[in-house]
Amino acid sequence: MGFLEERFDDNIVTAKVDQLLSWARSTSAWYFQFGLACCAIEMMATAASRHDLERIGMMPRSSPRQADVMIVAGTVTLKMATRVKKLYDQMADPKYVISMGSCANSGGPYSRAGYHVLKGVDQIIPVDVYVPGCPPRPESLIEGLLKLQEKIRHERPLTKKK
Amino acid sequence: MIINQKVSDIIEKQFPGSVILPEEPQNDYIQLLPDNWNEIAKFLKNDTELKFDSCQCITGVDLGIEENLEVRYNFHSMKHKHKIEIRIAVERKRPSIPSVEQVWRGADWLEREVYDMYGVRFKGHRDLRRMLLPEDWKGWPLRKDYKTPNIYNGMKVKKVRKGWD
Amino acid sequence: MGLVHADEMTLNIGPQHPSTHGVLRLKVKTDGEIISEITPIIGYLHRCFEKHCETLSYEQIIPFTDRCDYIAAMNNNFGYVLAIEKMMDIQVPERVKYIRVIMAEFNRIASHLLALGTFGLDVGAYTPFLYMFRDRERILDLFEITCGARLLYNYMWVGGVSHDLPIGFVEASYRFLDEFEKNTKEYHNILSYNKIFIERSADVGVLPKDVAIDYGVTGPNLRGSGIKWDLRKDEPYSIYDRFRFNVPVGKGTMGSVGDCWDRYWVRAEEMNESVKIIRQALDKMPRDGDVHEALPKKVRPPKGSIYFRTESPRGDLGYYIISDGKGGPTRVKMRSPAFTALSALSEIASGWMLSDVLVILGSLDIVLGEIDR
């Protein structure tokens with residue numbers, strides 16, 4: 001975290017502005033619930049009483065303009081693909097995408113003989129974290145989200161990019 | 001089921017020439033000609049002894065590349081609790097059948113699905129368009145001679161990465 | 001002042017919207033706030049189930065039937081497996097029959113809990129959703145100790161089931177059933193007799209009897225309109241004729257017969273009836289037996305076709321299977337109950353306000369995976 005240890009009293013914290021911003025952003029990433037198929041039920045179960053997503057800072061939003069993370073949960077078909085791209089474009093920067101389940105990763109069980117299934121959502125939008133499973137357990141999804149938080153925490157939003 | 005044989009005789013009496021008799025006697029289904037299917041359907045629904053008021057399922061079937069297409073109907077009566085199966089064969093080149101969507105309202109979407117998957121045109125259907133696939137999709141997927149397209153609107157349809165087998 | 005000129009407006013709801021139960025698009029023509037015409041557009045989850053089945057063997061199709069109606073996966077498996085066993089004339093052992101009924105009824109309770117929870121969410125109540133998911137997680141725990149999966153099981157095989165019940169399952173089930181009966185009273189206090197809920201759902205979206213039969217609507221939607229039709233009693237399959245249970249029917253307690261409250265109430269009462277069936281099955285089940293005894297070496301039904309229907313939590317689920325005598329089917333068609341229920345939406349939702357449409361849609365309890373296949 002970059003605290004300077006034991007130089008000051010316990011209730012004074014020092015950090016670089018960059019790291020403070022990244023820490024704040026990573027622990028309050030609101031997600032855009034884009035549940036398409038069976039994985040949507042596991043996403044709802046992760047947000048419900050037993051495994052709670054709000055304790056890691058994620059709140060469900062239904063509009064893409066208010067969300068930071070888009071969780072693509074379920075099979076993306078060719079008829080739906082244009083809408084996925086449109087919704088991704090409507091999200092404001094900085095934005096992240098989690099591909100949940102085998103169908104969104106690579107087409108899943110339908111990858112061999114589905115004439116209407118898009119083989120992986122990364123054909124149309126860039127993906128940050130892939131969560132495998134059919135459907136992934138709520139614990140797996142939380143692990144994927146924690147990895148995303150780690151990725152956000154290592155960003156440096158204020159340094160000039162070359 | 002004995003009921004299929006009985007209903008087949010009743011239909012033949014009302015509409016002579018519509019029932020195609022099978023080679024060996026059987027009780028599983030009734031094979032009809034498509035010509036006056038609409039009138040037969042109204043008779044099946046309104047006749048007090050038959051009263052088939054519930055259309056359960058409409059299935060399109062492709063028996064093989066050399067054979068015809070077929071549309072199979074399953075009907076059930078809530079009052080008398082009996083059920084029948086009716087099969088109507090259509091040719092592959094220009095398949096067409098009279099529609100029964102004004103007789104049973106539930107047949108509306110079921111017929112649209114058969115049109116979407118097989119290309120069978122239902123004469124008299126008020127809104128025949130594709131249901132499950134996009135409007136600009138080419139081809140009838142559930143036919144046996146269908147080939148999956150390679151690209152649809154700029155997206156690759158088939159498996160994309162090597163080594164996935 | 002002359003007359004104010006007003007045009008109809010065409011709105012689009014979906015395919016992504018927090019209140020739709022999946023990816024459903026509704027094209028709505030409104031005159032102010034009142035709806036004059038509504039058209040559902042589906043197909044956004046069409047995963048080519050029927051074409052895919054023609055390239056697979058009979059056993060390989062079972063996991064794919066799970067994924068069609070992903071909320072009640074055991075019931076999907078059940079219908080398919082019973083159809084094939086009828087074609088091949090296989091007799092399964094008694095213990096397998098009881099296990100199948102127990103699993104199917106547990107899944108019916110889990111499916112109704114989710115349906116009622118999301119219905120409350122559509123109306124605006126967030127708490128019942130969390131309470132119902134607490135109970136649903138306990139049922140999913142029971143499934144997990146049996147076959148390892150929480151949502152999509154691949155549990156019922158042709159001629160048997162995949163895993164036997166583990167030690168401790170029967171005691172855990174009894175404990176769960178005792179607690180669940182107390183919780184149903186809690187749900188009635190929170191949601192069913194809540195004044196706001198009654199005002200939003202009573203007398204809204206009435207489905208008359210003859211319209212329901214004409215459209216082919218079945219299941220709790222039909223029973224909410226006052227018609228007593230349940231396939232478990234009227235065309236009994238498996239061992240349902242050995243159990244004693246009632247069939248709840250909508251009576252118009254809070255409004256007219258066939259409104260949204262009636263359909264909600266039928267589902268809530270059906271959960272209690274399922275608890276009765278499970279208790280009787282757990283009492284009568286034979287204590288030992290090999291569940292893999294009747295598994296055939298090769299699943300090859302004789303040439304022919306069959307149409308078999310069972311009662312899933314959404315209505316009657318039908319499978320039309322045509323077999324050629326080979327290892328895989330020629331044609332598998334799944335007749336889904338939510339498909340016909342959704343086709344009736346354009347008739348019962350016209351004339352209501354925009355916010356009522358979502359209540360009607362929630363009360364029909366549709367699952368897009370089953371509609372699009």
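Lettering follows sequence order; numbering is per chain, from 1.
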Distance (rounded to the nearest 0.5 Å) between [X] [atom1] and [Y] [atom2]:
{"X": "L21(A)", "Y": "S26(A)", "atom1": "CG", "atom2": "OG", "answer": "11.0 Å"}
{"X": "M44(A)", "Y": "L53(A)", "atom1": "CE", "atom2": "CG", "answer": "12.5 Å"}
{"X": "N154(C)", "Y": "H163(C)", "atom1": "CG", "atom2": "NE2", "answer": "9.5 Å"}
{"X": "R50(A)", "Y": "R134(C)", "atom1": "CZ", "atom2": "CZ", "answer": "11.0 Å"}
{"X": "Q16(C)", "Y": "S62(A)", "atom1": "CD", "atom2": "OG", "answer": "7.5 Å"}
{"X": "L361(C)", "Y": "L24(C)", "atom1": "CG", "atom2": "CG", "answer": "6.0 Å"}

Top of G43(C), A149(C), A73(C) for chain A proximity - count of heavy-atom pairs under 4.5 angstrom: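 Top option by heavy-atom pairs under 4.5 Å: G43(C).
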
Donor-acceptor side-chain pairing of [X] and [Y] below 3.5 angstrom:
{"X": "Y115(A)", "Y": "H52(C)", "value": "no"}
{"X": "N77(C)", "Y": "T65(C)", "value": "yes"}
{"X": "E370(C)", "Y": "S336(C)", "value": "no"}
{"X": "D135(C)", "Y": "Y187(C)", "value": "yes"}
{"X": "D66(C)", "Y": "N76(C)", "value": "no"}

Within 45° of the ring axis of F197(C) and under 6.0 Å from its six-membered ring centre, is that where the NZ or CZ of R200(C) lies?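 That pair does not qualify as a cation-pi contact.
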
Are E186(C) and K182(C) close enough for a salt bridge, meaning some N to O gap below 4.0 Å?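 The answer is no: the pair does not qualify as a salt bridge.
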
Do NZ/NE/NH1/NH2 and the carboxylate oxygens of R331(C) and E54(C) come within less than 4.0 Å?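 No, no charged N to carboxylate O under 4.0 Å.
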
Enumerate by number any residue of [range] whose heavy atoms lie under 4.5 Å from heavy atoms of chain C; in the absence of such residues, state 'none'.
{"range": "residues 131-139 of chain A", "value": "C134(A), P135(A), R137(A), P138(A)"}
{"range": "residues 66-82 of chain A", "value": "T75(A), T77(A), K79(A), M80(A)"}
{"range": "residues 83-101 of chain A", "value": "R83(A), L87(A)"}

Contact part of [X] toward chain A, heavy-atom cut-off under 4.5 Å: side chain, backbone, both or neither?
{"X": "F49(C)", "answer": "neither"}
{"X": "L368(C)", "answer": "neither"}
{"X": "L114(C)", "answer": "side chain"}
{"X": "R47(C)", "answer": "both"}

Considering heavy atoms only, which positions within residues 136-146 of chain C lie below 4.5 Å of chain A?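 R136(C), E137(C), R138(C), D141(C), E144(C), listed by number.
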
Do [X] and [Y] make a side-chain contact, defined as non-hydrogen atoms from C-beta onward lying under 4.5 Å apart?
{"X": "V367(C)", "Y": "R314(C)", "value": "yes"}
{"X": "H17(C)", "Y": "L26(C)", "value": "no"}
{"X": "Y264(C)", "Y": "L191(C)", "value": "yes"}

Stepwise side chain to side chain contact (heavy atoms under 4.5 Å, CB included) test for F78(C) and L317(C): CA-CA 10 Å; F78(C) 201 12; L317(C) 177 73; over 6 Å; no

Taking every non-hydrogen pair under 4.5 Å, which of A47(A), A48(A), A37(A), G35(A) racks up the most with chain C?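 Most pairs with chain C among the choices: A37(A).
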
Where do K16(A) and D18(A) land on the salt bridge (charged side-chain N to carboxylate O under 4.0 Å, His left out) test, with the steps shown first? CA-CA 5 Å; K16(A) 294 191 213 163; D18(A) 254 351; over 6 Å; no

Should the pair F133(C) and F129(C) be assigned to parallel (<30°), tilted (30 to 60°) or perpendicular (>60°) ring geometry?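 Ring orientation of F133(C) relative to F129(C): tilted.
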
Contact class of A45(A) relative to chain C, heavy atoms under 4.5 angstrom: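 Backbone plus side chain of A45(A), per the 4.5 Å heavy-atom cut-off to chain C.
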
